[in-house]
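Below is one structure, written out as structure tokens; comments come after it.
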Amino acid sequence: MIQMLIQVAAGSCDRKIYKESTLEYLGTQPGSQPYPYPYGFIVGTSAEDGACVDCYLITREKVTAGSIVECEPVGLLLQNEAGEIDHKILAVLPGQEAVLSPELLQELQGFIHSIFRDADMEIRVGPILPREAALDHLEKSGTA
């Protein structure tokens, strides 16, 4: 199990910003598109970009922004932003399952490309790798 701090609730455009080392709330940043799933970061990790590892919680349950939830990694979405690795963990709530389908990949790709539409950088998203890749990524980032 991992702990995820939810920054954006599914269906919301507003992203709560935190000082990741202390979890201190710093403010809210408006976004351009509603998130399809709860989004945030894995507490206690350090990704290649120096921030915590990003995570989508693949669930249709209502999860409140600002909450910390226990979840289970099920996949790893490969993402590259202007040549920098920024992979995303895909996780589920305990007892739930997620199908890492082409439709899920297409939904996430569409969302990610839409939020970077006006950015002057190349964004590459996909494929989704299995649970073992997510665990390996988390181990390299300080937790597993």
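Just so it is clear, the model here is predicted, and its values are computed rather than measured. Residues: numbered from 1 along the sequence shown.
P127 meets the side chain to side chain contact (heavy atoms under 4.5 Å, CB included) test with L78, L129; sequence neighbours excluded. Applying the side-chain hydrogen bond (donor to acceptor under 3.5 Å, both in side chains) criterion to E24, with sequence neighbours excluded, gives no partner residue. Scanning for salt bridge (Lys or Arg N to Asp or Glu O under 4.0 Å) contacts around E122 gives R124, with sequence neighbours left out. F111 meets the ring pair (Phe, Tyr, Trp, His ring centres under 6.0 Å) test with Y35; sequence neighbours excluded. S114 is linked by a side-chain hydrogen bond (donor to acceptor under 3.5 Å, both in side chains) to nothing, counting only residues two or more places apart in sequence or in another chain.
Side-chain contact between I68 and I6 is absent, with no heavy-atom pair separated by less than 4.5 Å. By the 4.5 Å heavy-atom criterion applied to side chains, P38 and V8 are not counted as neighbours. Side-chain atoms of V92 and C71, non-hydrogen and from C-beta on, never get closer than 4.5 Å to each other. Counting heavy atoms from C-beta outward, V43 and C52 have side chains that stay 4.5 Å or more apart. Contact annotation: the side chain of Q79 approaches that of I112 to within less than 4.5 Å [non-hydrogen atoms, C-beta and beyond]. Side-chain contact between D54 and I89 is absent, with no heavy-atom pair separated by less than 4.5 Å. Taking the side chain as every heavy atom from C-beta outward, I2 and T45 never approach each other to under 4.5 Å.
Contacts classified as salt bridge (Lys or Arg N to Asp or Glu O under 4.0 Å) and involving residues 89-99 (residues at least two apart or in different chains) are not found. Within the structure, every pair that satisfies the ring-ring contact (aromatic ring centres under 6.0 Å, His included) test and touches residues 68-110, not counting sequence neighbours, is listed here: H87-H137. Contacts classified as side-chain hydrogen bond (donor to acceptor under 3.5 Å, both in side chains) and involving residues 6-21 (residues at least two apart or in different chains) are not found. Residue pairs meeting the ring-ring contact (aromatic ring centres under 6.0 Å, His included) criterion with at least one member in residues 50-71, sequence neighbours excluded: Y39-Y56. Applying the salt bridge (Lys or Arg N to Asp or Glu O under 4.0 Å) test to pairs two or more places apart or on separate chains, those with a residue in residues 67-79 are E72-R131.
A65 approaches A9 most closely through the heavy-atom pair CB-N, 4.0 Å. Between C13 and S32 the shortest heavy-atom distance is SG-C, 4.3 Å. Closest heavy-atom contact between L100 and G75: CD1-CA, 3.9 Å. Minimum heavy-atom separation, P73 to L135: CG-CD2, 3.7 Å. Minimum heavy-atom separation, A10 to P36: CB-O, 3.9 Å. For S67 against V63, the heavy-atom pair with the smallest separation is OG-CG1, 3.8 Å.
In this structure, L26 shares a hydrophobic cluster with I17, the cluster being traced through Ile, Leu, Val, Met, Phe, Trp and Tyr side chains under 4.5 angstrom apart.
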List, one per line, each side-chain donor-acceptor pair under 3.5 Å for residues 102-110, sequence neighbours excluded.
| unit_1 | atom_1 | unit_2 | atom_2 | d |
| --- | --- | --- | --- | --- |
| E103 | OE1 | S101 | OG | 3.3 |
| E107 | OE1 | Y37 | OH | 2.6 |
| Q109 | NE2 | V125 | O | 2.7 |

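Separation of atoms CD1 (I58) and CG (L90) is listed at 5.0 Å; rounding is to 0.5 Å. For the atom pair I115 CD1 and Q33 CD, the distance stands at 8.5 Å (nearest 0.5 Å).
L76 and I85 are members of different hydrophobic clusters when ILVMFWY side chains are connected at heavy-atom separations under 4.5 Å.
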Determine, step by step, whether E61 and L93 satisfy the side chain to side chain contact (heavy atoms under 4.5 Å, CB included) criterion, reporting the C-alpha distance in whole Å, the side-chain angles of both residues, the deciding distance to 0.1 Å, and the verdict.
-> CA-CA 9 Å; E61 287 191 28; L93 294 170; 3.8 Å; yes
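Other residues, nucleotides and ligands contribute only 12 or fewer heavy atoms inside 6.0 Å of the CD atom of E84.
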